[in-house]
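Right, one structure below, let's go through it.
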Amino acid sequence: MLQARPPVSIDLVSAIGYRVRSGAEHEDLMSLALRFEPTSQPLPDALGLAGHSATLPDEGALSVRALERIARRIDADNLLAGDGDLNERMIETTEQLLKLARVTT
């Protein structure tokens, strides 16, 4: 996205891991929430009078932040197994969403 015009900064906001395959030792599915933000760029100055230089997002820094966030990902299975109230709320909320989408189970 750094090649886009204007360049877009990408930030990994959230990473949550799940186990889908029965007996999986580690999460085998991840949900990632990304935030895309266009960067402000000065308009081209053909005469060179403005003296503004474009500041591009630092791809290396963005990558390191994303990897650090993935390393701190939330294990949804362990979280729900350890909090019965949260697990029940998530089940009820999911049921409501499935009904709204007219999905039958």
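Reckoned from all heavy atoms, side chains included, excluding hydrogens, waters and symmetry mates. Not measured: the values here are computed from a predicted model.
For Asp28, there are no salt bridge (charged side-chain N to carboxylate O under 4.0 Å, His left out) partners two or more places apart in sequence or in a different chain. Under the salt bridge (charged side-chain N to carboxylate O under 4.0 Å, His left out) criterion, Arg89 pairs with no residue, sequence neighbours left out. Residues satisfying the side chain to side chain contact (heavy atoms under 4.5 Å, CB included) criterion with Glu88, sequence neighbours excluded, are Ile91, Glu92. Residues passing the side chain to side chain donor-acceptor pair (under 3.5 Å) test with Asp75, sequence neighbours excluded: Arg19, Asn78. For Arg73, the salt bridge (charged side-chain N to carboxylate O under 4.0 Å, His left out) partners are Glu27, not counting sequence neighbours.
Within the 4.5 Å cutoff, side-chain heavy atoms of Asp11 are placed close to those of Arg65.
Hydrophobic cluster membership differs between Leu97 and Leu86, with clusters built from Ile, Leu, Val, Met, Phe, Trp and Tyr side chains linked at under 4.5 angstrom. The hydrophobic cluster containing Leu32 does not contain Tyr18, counting ILVMFWY residues as joined when their side-chain heavy atoms lie under 4.5 angstrom apart, directly or transitively. Both Ile10 and Ile70 sit in one connected hydrophobic cluster of ILVMFWY residues. Membership requires side-chain heavy atoms under 4.5 Å apart, directly or through other members. Under the 4.5 Å side-chain heavy-atom criterion for grouping Ile, Leu, Val, Met, Phe, Trp and Tyr, Leu80 is connected to Val20 within one hydrophobic cluster. Note on Ile74 and Leu29: same hydrophobic cluster, where clusters join Ile, Leu, Val, Met, Phe, Trp and Tyr whose side-chain heavy atoms are under 4.5 Å apart, directly or indirectly.
Between Ala15 and Met30 the shortest heavy-atom distance is CB-CE, 3.9 Å.
Within the hydrophobic cluster formed by Ile, Leu, Val, Met, Phe, Trp and Tyr side chains joined at under 4.5 Å, directly or through other members, Leu67 stands alone, with no partner residue.
Going from atom CZ of Arg102 over to atom OG1 of Thr104 covers 12.5 Å, rounded to the nearest 0.5 Å. Put simply, CZ on Arg69 and OG on Ser14 are 5.5 Å apart, with the number rounded to the nearest 0.5 Å. The line from CG of Asp77 to CD1 of Ile16 is 11.0 Å long, rounded to the nearest 0.5 Å.
Annotation: Met90, atom CE; neighbour count of heavy atoms from other residues, nucleotides and ligands within 6.0 Å does not exceed 12.
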